[in-house]
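So the structure is just underneath, and the comments pick up after that.
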Amino acid sequence: MKRLKKKQAKGFFTLKMLNRNFISRKGIKGLSPDLPNFVKDPEKEYQRREEIWLNKHPEISKAERKR
């Protein structure tokens, strides 16, 4: 969370996202809390967005962290 605050991250981050070891760069964004009006199941939409975010930000290995 400190890394994200330092990078002035926008949006919100779920616990699953925060527990992941990923490279945080300047301009990193979390999930947008805004949903279009036509979304019938908000929870399902947030889960879909979370999966997309997790795929875009792969977890780094211990060897990569040591470098």
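Note: hydrogens, waters and symmetry copies are ignored here, and every other heavy atom, side chains too, is used.
- Contact check on Glu51 versus Lys56 returns no salt bridge, with no Lys/Arg side-chain nitrogen under 4.0 Å from an Asp/Glu carboxylate oxygen.
- Atom-to-atom distance recorded for Asn19:CG and Glu59:CD is 9.5 Å, nearest 0.5 angstrom.
- Tracing side-chain contacts under 4.5 Å through hydrophobic residues (I, L, V, M, F, W, Y), one never reaches Ile52 starting from Phe22; they form parts of separate clusters.
- Distance NZ/Lys16 to CD/Glu50: 5.0 Å, rounded to 0.5 Å.
- Rounding to the nearest 0.5 Å gives a distance of 6.5 Å between OG1 of Thr14 and CG of Leu54.
- Summarising the geometry of Met17 relative to Trp53, their closest heavy-atom pair is CE-CD2, 3.3 Å, with the distance given to 0.1 Å.
- Under the salt bridge (charged side-chain N to carboxylate O under 4.0 Å, His left out) criterion, Glu45 pairs with Arg48, Arg49, sequence neighbours left out.
- You'll find the side chain of Lys10 stays beyond 4.5 Å of the side chain of Ile28, heavy atoms only.
- Taking all atoms of both residues into account, the shortest heavy-atom contact from Leu31 to Tyr46 is CD1-O, 4.2 Å.
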